[in-house]
2 protein chains.
Amino acid sequence: MGRPKNFEPDVAVARAMEAFWTNGYAGTSPADLAEATGIGKGSLYHAFGSKRELFGKALDLYGQVGSEVTAAYLDEPGTAKERIRAYLAFLVELDCSGPAPRGCLAANTALELGGRDEEALRAVTRITDETIRLLGERIRRGQRDGDVAPEVDADAQARFLMNTIVGLRVMATTHELPALRGIIETALTGF
Amino acid sequence: MGRPKNFEPDVAVARAMEAFWTNGYAGTSPADLAEATGIGKGSLYHAFGSKRELFGKALDLYGQVGSEVTAAYLDEPGTAKERIRAYLAFLVELDCSGPAPRGCLAANTALELGGRDEEALRAVTRITDETIRLLGERIRRGQRDGDVAPEVDADAQARFLMNTIVGLRVMATTHELPALRGIIETALTGF
DNA sequence: CCAATTTTTGACCTCTAGTTCAAGAAAAAC
DNA sequence: GTTTTTCTTGAACTAGAGGTCAAAAATTGG
C-alpha cells in the first residue's frame, strides 16, 4: 500500500558504496549520494535515515561481496598457494584498473573513522576477521591435501596474508603493478 | 624588522602534523589547527597561506622525522633481521600506545587524498621510497656482514617489508598487539 | 471515487569550513 | 617620535554540508 518506491534499495546501497569507496566518507556529500544513486536527497533521507546509516549498509554490502569473491577465488581448483596467489593478483589488478586507485573500503574506513566511530571499527574488524578465517581454512585444506607443509601455522599465516593484502591495497595508490606483483611473490615464499 | 612572530614556525608545523595525523586532512579544521598550535586562525593563514600548504609542510616533516627514526633503528648494532624486527616492533608499539591508533600519516594521506591530489601522492611516494631505500641498504649491509644469505634480493625484500609496515599500521587500528607481533615474526621468516 | 498510506520533490534551515580583511600592536630604522 | 614593516586579532563573508519539512503524487482498500 502507499506509493511504491521508484528505486531498489539494494541498488542504491551498491551505488552509494561505490561513491564512498572512491571519495571517502567525509568526501561524499548528500548531494553526491543523490547524484550517484539517482535519488533525490529527501528520498535518501526518508529511506535510510542519515548519511551514516547509509554508509553502514554500504560497508556491510562491501564485506558481504568481498567474502563471496574471496571464497570464490579460493575454491577454484589448485593448490592453496596457487589459489591465494591468484586471489592477491586479482585484488591488485582490480585496484590498479580503475581511473584512480581507491584502496580497500574497509581499510579506508578504519583509517578515516577509526578514532571516532566505534561501530565502524567493529564492522571493519568483522570484515577482516572473516577474510582471515577464509584464508586460514584454505591453508588447512592445503595441509589436508598435502600441498602445504603440516608444520605451517595456518592462522598465523592467514593473519600475515591479510596484513599483506591491506598493505598492497594501500601501496596500489602509489606504486606500479610490477612492484606489487613482486611483493606478492615475496610474501608467498613463506609457506 | 617589523613585528616579530610570537611562535616558532617549526613548532607550529609539528603540532599541526599531530593534529592531521590524529584526525585526517578533512577532519582537521582551521579552528582545530588554531587550537592545536595556539596560534590565531588569521596568523596561521598569514604564515602558511592555506590549510593545504600547512599540510604539505606537516607531511614533509613527517617524512623527515620518519627517515631519521628509521635510520637510527637500523644503525644500532645487531644483524639485519634483528634491527628490522626491532624497528617494526617499535612502529606497532607506537601505533598501539596512543589513546586511539592513528596509523601512518603517509598511508592515511595516500588513501584520503590519493584520488584528488597529485602533489600529496608524490610526497607520499617520496616518503615510502626513502624507507624502502633504507631497508634495502640495511639488507645489503647484512649480506656483506654475512648475516643475510647472498641469494636474497635486497630490493624485493625491502619493498615487501615496506608493504608489511603499511599493512601493520592499518591493522593496528583494528587488531591487538599480540596479533601484530605474530605478523612481524611471520614476515621475517622470509630472509 | 474517496480515504488511507507511503514516496517524492525541492525549498528551506542551521552550522561549520575555509578564507579574507581591516584595524591595532610590536618591533627596527631614521 | 615618527615611519615603515611585519605580525596579531577578531569580525565578517561565502559556499557547501547535513538534515528537515510541507506539499504534491502514486498506490491500495473500501
Side-chain angles (χ1 to χ4, degrees), chain A residues 1-59 108-109 111-113 115-120, chain B residues 1-59 105 108-109 112-113 115-120:
Chain A
M1 186 139 159
R3 177 172 177 169
K5 280 189 166 55
N6 80 29
F7 63 93
E8 299 217 64
D10 293 353
V11 174
V13 171
R15 300 235 173 102
M17 180 189 82
E18 294 291 330
F20 283 128
W21 192 353
T22 303
N23 299 311
Y25 179 73
T28 308
S29 68
D32 294 333
L33 290 167
E35 187 179 349
T37 57
I39 304 169
K41 235 184 353 168
S43 291
L44 275 179
Y45 275 85
H46 179 69
F48 298 105
S50 70
K51 176 178 162 180
R52 179 62 184 79
E53 284 176 77
L54 176 54
F55 180 73
K57 303 233 181 214
L59 190 52
N108 300 1
T109 299
L111 293 176
E112 184 178 0
L113 303 180
R116 301 156 255 173
D117 189 326
E118 281 289 335
E119 171 91 20
Chain B
M1 188 136 158
R3 177 172 178 170
K5 281 187 164 61
N6 75 17
F7 64 93
E8 298 216 65
D10 293 353
V11 175
V13 171
R15 300 235 175 101
M17 179 189 82
E18 293 293 330
F20 283 127
W21 193 354
T22 304
N23 299 312
Y25 179 73
T28 307
S29 68
D32 295 333
L33 289 167
E35 187 178 350
T37 57
I39 304 170
K41 243 190 330 179
S43 292
L44 275 179
Y45 274 85
H46 180 68
F48 297 106
S50 71
K51 176 178 164 180
R52 181 61 185 80
E53 285 177 74
L54 175 54
F55 180 74
K57 304 233 182 213
L59 190 53
L105 216 212
N108 301 2
T109 300
E112 183 178 0
L113 303 180
R116 302 157 256 172
D117 189 327
E118 280 289 336
E119 171 90 18

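Keep in mind it's a predicted model, so treat the numbers as computed, not measured. Chain identifiers are assigned alphabetically (A, B, ...) following the order of the sequence lines, protein sequences preceding nucleic acid strands; residue numbering begins at 1 within each chain. Hydrogens, waters and symmetry mates play no part in the numbers below; they use all other heavy atoms, side chains included.
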Task: Nearest-Å distance for atom pair NE2/P, residues A:His46 and C:dT6 - done: 9 Å

TODO: May I ask you to verify if any side-chain N or O of B:Tyr45 is less than 4.0 angstrom from the OP1 or OP2 atom of C:dT20?
DONE: no

Task: A:Glu18: partners by side-chain contact (heavy atoms from CB on, under 4.5 Å), with sequence neighbours left out - done: A:Trp21, A:Arg102

Open item on the list: In this structure, how many angstroms lie between the P atom of D:dT8 and the CG atom of B:Leu44, rounded?
Closed with: 9 Å

Open item on the list: One pair to check against side-chain contact (heavy atoms from CB on, under 4.5 Å): B:Leu113 and B:Tyr25. What are the steps and the verdict?
Closed with: CA-CA 8 Å; B:Leu113 303 180; B:Tyr25 179 73; 3.9 Å; yes

Open item on the list: Without decimals, in angstroms, what is the distance between B:Lys51 NZ and C:dT20 P?
Closed with: 14 Å

- [ ] Using whole Å, report how far CZ of A:Arg3 lies from P of C:dT7.
- [x] 10 Å

Task: Under-4.0 Å side-chain N/O to phosphate OP1/OP2 contact, B:Asn6 with C:dA26 - done: no

Open item on the list: Just to be sure I understand the rule, does A:Phe7 reach a base, reach only the sugar-phosphate, or reach nothing, if contact means heavy atoms closer than 4.0 Å?
Closed with: sugar-phosphate

TODO: Rounded off to whole Å, could you give me the CD1-to-P distance for the A:Ile39 and C:dT8 pair?
DONE: 7 Å

TODO: Provide the closest heavy-atom pair for A:Leu44 versus A:Pro30 in the form atom of the first, atom of the second, distance.
DONE: CD1-O, 4.4 Å

Task: Non-hydrogen side-chain atoms of A:Phe20 and A:Asn108 separated by less than 4.5 Å - done: no

Open item on the list: If you take any heavy atom closer than 4.0 Å to DNA chain C, which residues from residues 10-36 of chain B end up in contact?
Closed with: B:Thr28, B:Ser29, B:Pro30

Open item on the list: Tell me the interatomic distance from B:Leu54, atom CG, to C:dG18, atom C1', rounded to whole angstroms.
Closed with: 13 Å

Task: Set of salt bridge (Lys or Arg N to Asp or Glu O under 4.0 Å) partners for A:Arg52, sequence neighbours left out - done: A:Asp117

Open item on the list: Under 3.5 Å, is there any donor-acceptor pair linking the side chain of A:Lys41 to the base of D:dG19?
Closed with: yes

Task: Minimal non-hydrogen separation, B:Leu33 against B:Lys51, with atom names - done: CD1-CG, 4.3 Å

Open item on the list: Rounding to an integer number of Å, can you tell me how far A:Lys5 NZ sits from C:dT7 C1'?
Closed with: 8 Å

TODO: Grab the CD-C1' distance between A:Glu8 and C:dT7 for me, whole Å please.
DONE: 16 Å

Task: Criterion side-chain contact (heavy atoms from CB on, under 4.5 Å) on A:Phe55 and A:Thr109, from CA distance to verdict - done: CA-CA 10 Å; A:Phe55 180 73; A:Thr109 299; 3.4 Å; yes

